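Have a look at the structure below before the remarks.
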Amino acid sequence: MSLVFADIQLSNPSQHQLQALTVNALVDSGAVHLCIPEHVQIQLQLETVDQKEVTLADGSHCLVPYVGPIKIKFENRIGFAGALVMGDQVLLGAIPMEDMNLIVIPSERRLSVNPNSPNIATSIAKAINEQITKKK
């Protein structure tokens, strides 16, 4: 499969005076997190809230800052996430994509809102609903 890129907006929801950044993100459903380079962290004035140990493609491990929250906007979808500060480009992984109900269309090499729910993001909360029903 070829690489997929998408323009997304990133902003700091606790710093309303800062302008949102539009970035061309690498979209990777095989990656888990949102990853941002250090210059994006600095521009959005995102505080480090933790560190995470990351396993790299070569099997090595490193500690990276974990920042957030970050507001992510793509088309008519908005999500909030933490981000790993690493690399030299923004990478949009599976967790924020799932949160915003986005899909990759490999044949067109593009990111899209889920065509089964084009107007509003949907999510599955069946397990929670079953637990609520059982408590009644």
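These numbers come from a predicted model, not from an experiment.
The environment of Q19 atom CD is sparse: at most 12 non-hydrogen atoms of other residues, nucleotides or ligands sit within 6.0 angstrom. Atom CD of E75 has more than 12 heavy atoms from other residues, nucleotides or ligands within 6.0 Å. By the neighbour-count criterion of 12 heavy atoms within 6.0 Å, atom CD of E98 is sparsely surrounded, having that number or fewer from other residues, nucleotides or ligands. Shown here is K71, whose NZ atom has no more than 12 heavy atoms of other residues, nucleotides or ligands within 6.0 Å.
The two residues D58 and S60 come nearest to each other via the heavy atoms OD1-OG, 2.6 Å. Of all heavy-atom pairs spanning A83 and I70, the tightest one is CB-CD1, 3.4 Å. In terms of heavy atoms, S112 sits closest to R110 at CB-NH1, 3.5 Å. Scanning both residues, Y66 and G82, for their nearest heavy atoms gives OH-CA, 3.4 Å. The two residues G79 and D99 come nearest to each other via the heavy atoms CA-OD2, 3.5 Å. Across S29 and A94, no two heavy atoms sit closer than the pair O-CB, 3.7 Å.
When each of L21, V27, N24, I8 is tested with V90 by the rule side-chain contact (heavy atoms from CB on, under 4.5 Å), just one qualifies, namely I8.
Distance CG/L34 to CE/M97: 11.5 Å, rounded to 0.5 Å. Rounding to the nearest 0.5 Å gives a distance of 6.0 Å between CD of E53 and CG of L63. In this structure, CD on E47 lies 9.5 Å from CD on Q41, to the nearest 0.5 angstrom. The CG atom of L111 sits 4.0 Å away from the CZ atom of F74 when rounded to the nearest 0.5 Å. The distance from atom CD of Q15 to atom CG of N12, rounded to the nearest 0.5 Å, is 5.0 Å.
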- [ ] Determine, step by step, whether L44 and V67 satisfy the side-chain contact (heavy atoms from CB on, under 4.5 Å) criterion, reporting the C-alpha distance in whole Å, the side-chain angles of both residues, the deciding distance to 0.1 Å, and the verdict.
- [x] CA-CA 10 Å; L44 294 178; V67 301; over 6 Å; no

TODO: Go through the steps for H33 and V54 under the test side-chain contact (heavy atoms from CB on, under 4.5 Å), then give the verdict.
DONE: CA-CA 11 Å; H33 297 282; V54 175; over 6 Å; no

Open item on the list: With side-chain contact (heavy atoms from CB on, under 4.5 Å) as the criterion, how do L10 and I72 come out once you've worked through the C-alpha distance, each side chain's angles and the decisive distance to 0.1 Å?
Closed with: CA-CA 5 Å; L10 301 177; I72 308 163; 4.0 Å; yes

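Cluster annotation: V113 and L92 are assigned to the same hydrophobic cluster (Ile/Leu/Val/Met/Phe/Trp/Tyr, side-chain heavy-atom contacts under 4.5 Å, transitive). Hydrophobic clustering, with ILVMFWY side chains joined whenever heavy atoms are under 4.5 angstrom apart, keeps I78 apart from I120. In the hydrophobic clustering of this structure, V85 does not group with V32; members are Ile, Leu, Val, Met, Phe, Trp, Tyr whose side-chain heavy atoms approach within less than 4.5 Å, directly or through other members. Residue I36 is grouped with residue V23 when hydrophobic side chains (ILVMFWY) are merged at heavy-atom distances under 4.5 angstrom, including chains of intermediate members. No continuous path of ILVMFWY side-chain contacts below 4.5 Å connects I95 to L84, so the two sit in separate hydrophobic clusters.
Inter-residue side-chain proximity for C35 and L26 is flagged as unmet; no heavy-atom pair is nearer than 4.5 Å.
The backbone N or O of N114 sits nowhere less than 3.5 Å from a side-chain atom of N101 that would complete a donor-acceptor pair. Distance alone, capped at 3.5 Å, is enough to place a donor-acceptor pair between the R109 side chain and the L3 backbone.
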